[in-house]
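Below you'll find the structure, written out as structure tokens, and then a few comments.
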Amino acid sequence: MASEITYAEVRFDNESKSLGTKSEPPTAPKEKTSPHKSNPDFPKVLFSSLLVLLLLLAISFFIAFIIFFQKYAQLLKEKETAKEFIHTELECMRENLTMEEKYWSCCPKKWKSFRSNCYFISTEEKNWTESEKNCTGMKAHLLVINTKEEQDFIIQNLDEKAAYYVGLSDPEGKRAWQWVDGTPYNESATFWHPGEPNNPNERCVILNAPHQKSWGWNDVPCAGRHSSVCKMVQIHL
Ligand code: 2F8
Ligand code: CA
């Protein structure tokens with residue numbers, strides 16, 4: 001009896017799969033699955049990612065375009081300024097403002113600097129209109145005198161034997177004085193020689209020192225040829 005062996009409990013894997021009636025039907029070997037097959041939302045995710053990528057690309061292009069456009073506009077502006085700028089040599093001073101506001105204040109070489117303006121003394125003798133043209137050709141105007149201090153600064157640089165056109169005239173001879181830059185004529189800031197202005201036919205103004213005495217204004221005929229003084233605001237860099 002001891003030699004009887006029961007095999008009933010022995011089961012082979014293969015056998016149970018092929019023979020067993022209650023066992024589950026054989027299934028096909030599982031394929032290795034890729035993420036997009038196992039995840040049904042994969043196309044959606046892919047589409048969304050592509051959309052986000054495209055959006056980012058569009059934003060980047062838009063920003064790049066704006067930057068490029070700004071740089072281009074700046075370049076055009078600088079080119080335009082350079083074209084207009086006729087003074088090739090400048091003398092500059094550093095303005096002592098706050099740290100953020102520090103900039104250079106410049107006058108063209110050979111021009112005098114006073115407060116925030118530059119002055120050029122022209123010894124070429126021309127009539128009033130030509131004198132003003134000479135100044136505008138240098139992006140300036142004939143001298144507009146605003147204060148006694150300004151006139152006192154200017155006269156230090158003038159020749160007492162000469163006369164200098166300033167930017168004051170009475171175009172219609174009606175004693176209606178006009179500054180070339182549109183500054184209002186202020187009676188309380190005028191420096192006429194005693195007895196001047198004295199002649200409605202003398203419609204332009206010179207700064208002179210008759211008999212090398214004191215400097216002041218005189219109305220004279222606009223056709224006369226005199227030296228002149230040009231004035232422009234300082235250039236800030
Ligand atoms: O005495 C002042 C008088 O002197 C000259 O005329 C004689 C001036 N004319 C010219 O400079 C052309 C006047 O403008 C001036 O008023
Ligand atoms: Ca006069």
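Quantities reported herein were computed from a predicted structural model and do not represent experimental measurements. Both ligands and their constituent atoms are indexed starting at 1 by order of listing. Heads up: numbering here begins at 1 and tracks the sequence.
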Which of the N/O/S atoms in Glu196 sits closest to the Ca ion (ligand 2)?
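Relative to the Ca ion (ligand 2), the closest nitrogen, oxygen or sulfur of Glu196 carries the name OE1.
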
To make sure I understand the geometry: which N, O or S atom in Glu202 is closest to the Ca ion (ligand 2)?
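It is OE1, the N, O or S atom of Glu202 closest to the Ca ion (ligand 2).
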
Using 30° and 60° as the class limits, which term best fits the ring planes of Trp128 and Tyr165: parallel, tilted or perpendicular?
perpendicular

Take atom 9 (N) of ligand 1 and look for protein heavy atoms under 4.0 Å from it; say yes if you find one, no if not.
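It does; a protein heavy atom is within 4.0 Å.
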
Protein contact for atom 1 (O) of ligand 1 (heavy atom, distance under 4.0 Å)
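No.
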
Answer yes if the ring centres of Trp192 and Trp177 are under 6.0 angstrom apart, and no otherwise.
yes

Is the His193-Trp215 ring centre distance short of 6.0 angstrom?
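Ring centres of Trp215 and His193 not closer than 6.0 Å.
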
Nearest heavy atom to atom 12 (C) of ligand 1 wins, so pick from Gly224, Pro221, Pro194, Ala223.
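Selected option, by shortest heavy-atom distance: Pro221.
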
Backbone of [Y] reached by a side-chain donor or acceptor of [X] within 3.5 Å:
X: Asn117; Y: Ser113; answer: no
X: Asp170; Y: Arg175; answer: yes
X: Tyr164; Y: Asp159; answer: yes

For [atom], what is the nearest protein heavy atom, given as residue, atom name and distance?
atom: atom 16 (O) of ligand 1; value: Glu196 OE2, 2.6 Å
atom: atom 11 (O) of ligand 1; value: Val220 CG1, 3.6 Å
atom: atom 4 (O) of ligand 1; value: Asn218 ND2, 4.8 Å
atom: atom 13 (C) of ligand 1; value: Glu202 OE2, 3.4 Å

Asn199 backbone or side-chain N/O/S under 3.0 Å from the Ca ion (ligand 2):
no

Interfacing atoms of ligand 1 (cut-off 4.0 Å, heavy-atom, Asn198)
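Near Asn198, the atoms of ligand 1 are 15 (C), 16 (O).
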
Worked verdict on Asp152 versus Lys148 for salt bridge (charged side-chain N to carboxylate O under 4.0 Å, His left out):
CA-CA 6 Å; Asp152 287 346; Lys148 181 79 167 60; 3.0 Å; yes

To the nearest 10 degrees, could you say what angle the Ca ion (ligand 2) makes with O of Asp219 and OD1 of Asn218?
80°

Hey, is NZ on Lys112 packed in by over 12 heavy atoms from elsewhere, all under 6.0 Å?
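Result for NZ/Lys112: open.
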
